[in-house]
Number of protein chains: 2
Amino acid sequence: MAYRQTPERLARDQAQRLHILQLAHAQVVEGGFAQLTMQRLAKAADIATGTLYRHFSGKGELAAEVFCMASQREVDALKEVFAAQGSAVQRLRQGVERFAARAWDSRQLAWALIAEPVDPQVEEQRLRYREAYAELFAQVLREGCAAGEFSVQYPHLVAACFVGAISEVLVGPLSPQARAQRSEHEVDDDLKRVRATLVELFLGALGAREHA
Amino acid sequence: MAYRQTPERLARDQAQRLHILQLAHAQVVEGGFAQLTMQRLAKAADIATGTLYRHFSGKGELAAEVFCMASQREVDALKEVFAAQGSAVQRLRQGVERFAARAWDSRQLAWALIAEPVDPQVEEQRLRYREAYAELFAQVLREGCAAGEFSVQYPHLVAACFVGAISEVLVGPLSPQARAQRSEHEVDDDLKRVRATLVELFLGALGAREHA
DNA sequence: GCAAGAAGTGAATCAGGATTCATACTTTCA
DNA sequence: TGAAAGTATGAATCCTGATTCACTTCTTGC
C-alpha cells in the first residue's frame, strides 16, 4: 500500500497545483503566453516536465486555467464596482475607469488577456470572458433603463460595443511595440485621455452626458 | 546565358506570384489563416513547395501579404464611402453600415482579418490596418467637428473606440463557433440589430442622434 | 525492513509544418 | 547542338515545444 488519499496528501497536491498556476501566471505577467512553456515552467517550479502532467492534462488546459484565473479577477473587480451604490451612469463610469486603470497597471498581463495571439483553448476562454464582461455591462445598462436614466434597445449589443471600445483603445498603447516607444510619462497622459474619451463616449451614447 | 529578365518573363513571374496570392486568399476565405499552409498552397497552385520561396521569403511574408491585400480592399471600400457627399454624420453612418455588411457577407474572411489568432508578422499588419481604419474614422470625425456638426476632443481615440466596438460586436456572431449554432435567418436579424446598435451608439455619442 | 503502489524524473520521442537543397528540367545563345 | 545559367521539384531536414514512459525515489502498512 502506499500514498493513500489522506486529506493532507490531497491538500499538498492542491497546493502544488496552485503553486504551478501561480508560477505560470507569473510567466504570463512577465512575457505573455508566449513565455509560458512547459519546460520553462517546470524549471521555475523546480520539478520535472512530466510532473506537470500529473496536474494538467496538457498545456492547453494549463494555459486556459491561467487565463481564467487572471480574467476572473478582473471580472470580480468589475462586478464589485458595478455592485456599489449609485446611479447606473455613475457605476458605468467608475467601471470603465477601474477597468482602464487596472489594465494600465499591468500592461503585459492586460495585453495577454485582451489581445495576445493565443492557442485555441485559451482563445475559447477569452471569448467566454469577453462575454462575461459584456454581461456585466449589460446588466448595468438594464438597470439604468429600468431606472429611467437612459434608454437602450439592445443592452447586450451595446455592452459588447463597450467592451470592444475599451479593448481597442487600450490595446494600441498596451501592445509591446507601442510600449517600447513611449515614455512612462506619455503613457500616463495616454491613460488620462483614454479614460476621458471612454467615459465621454459611453455616457454620450446613452444621452447621459450631463449626469456624469 | 539564360533566362534573361525580358519583360514577358517578369510579367509571367508577377502573374504567378499574383496567382499564388489569390489562391492563398482563397484558402483564408475558406478556412482562415489556419488553413493556409505551404504544402496545401503549393498543391493548390500545382507547383512545388520550394517554388513558393522564389516569390516569398517565407510563410510570414506571404501570409502578411494576403492579409494586406484583403484589408486594403476593406480600407478602400470604407474610404470610398467616407469620400462621398454628405454630412460627416451621414457618412459615418454609411461607413458603419457598409463595414458591417461587408463583414457579414464574408464572415470567415472577416473573422480571419479581425480576430483569428495569427502569427506575429500578420498580427503586425493587423495592428497597422486597425490603425488605418481608425484614421479614416478620425478624419471624418475631424471634418464633422470642423463643420460644427459635433465636437470631439480626441478624434483619434474616439475613432479607435469605434473600430473596437465594430469589431467586437461583429466578432461574437462571426466566430466559427457562433456560426455553427445559429441559422441563416437568425444571423440576418443579428446583422440588423448590430447595425442599428452601432449607428445609434456612434451618433448618440456624438450628440448627433437626430441628424441621422 | 520490505513489498506494493504512488509520485517524480527528464531524456527521448513525437508532431506538424516550414524550410532547404541536390537534382532535374528549361531557356538562351554562340 | 551544347554549355551556361535560371527555374522547378519534393523528399529530406530542421525547428520548436509538447508529450511520453521506463526508471528512480518516495510513502505506507505490515
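Here is how names work: the chains are called A, B, and so on, in the same order as the sequence lines, proteins then strands, and each is numbered from 1.
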Is there a donor-acceptor contact under 3.5 Å from the side chain of A/Thr37 to the main chain of A/Arg40?
yes
Does the cation-pi check pass for A/Arg91 over A/Phe82, that is, NZ or CZ under 6.0 Å from the six-membered ring centre and within 45° of its axis?
no
Looking only at D/dT9, D/dT20, C/dT20, the nucleotide nearest the A/Tyr53 side chain is D/dT20
Is there any salt bridge (Lys or Arg N to Asp or Glu O under 4.0 Å) pair reaching into residues 45-68 of chain B, and which pairs are they, with sequence neighbours excluded?
B/Arg17-B/Glu65
Between D/dT9, D/dA18, C/dG8, which one does the side chain of A/Arg54 approach most closely?
C/dG8
A/Met38 side-chain proximity, nearest of D/dA18, C/dT9, D/dT9:
D/dA18
Do the ring planes of B/Phe162 and B/Phe202 sit parallel (below 30°), tilted (30 to 60°) or perpendicular (above 60°)?
parallel
Is the backbone of B/Val28 close enough, under 3.5 Å, to the side chain of B/Gln108 for a donor and an acceptor to pair up by distance?
no
Which nucleotide sits closest to the side chain of A/Gln16: D/dA8, D/dA18, C/dG8?
C/dG8
How many whole angstroms separate atom CG of B/Asp13 from atom C1' of C/dT27?
14 Å
Rounded to 10 degrees, the angle between the two terminal axes of the helix from C/dG1-D/dC30 to C/dA30-D/dT1, each from five pairs:
20°
Listed pairs, N/O of protein and of nucleotides 11-14 of chain D, under 3.5 Å:
{"unit_1": "D/dA11", "atom_1": "N6", "unit_2": "B/Thr49", "atom_2": "OG1", "d": "3.4"}

Selected nucleotide, minimal atom distance to B/Thr37 side chain, candidates C/dA18, C/dT9, D/dG17:
C/dA18
Rounded to whole angstrom units, what separation is found between the CZ atom of B/Phe56 and the P atom of C/dA18?
14 Å
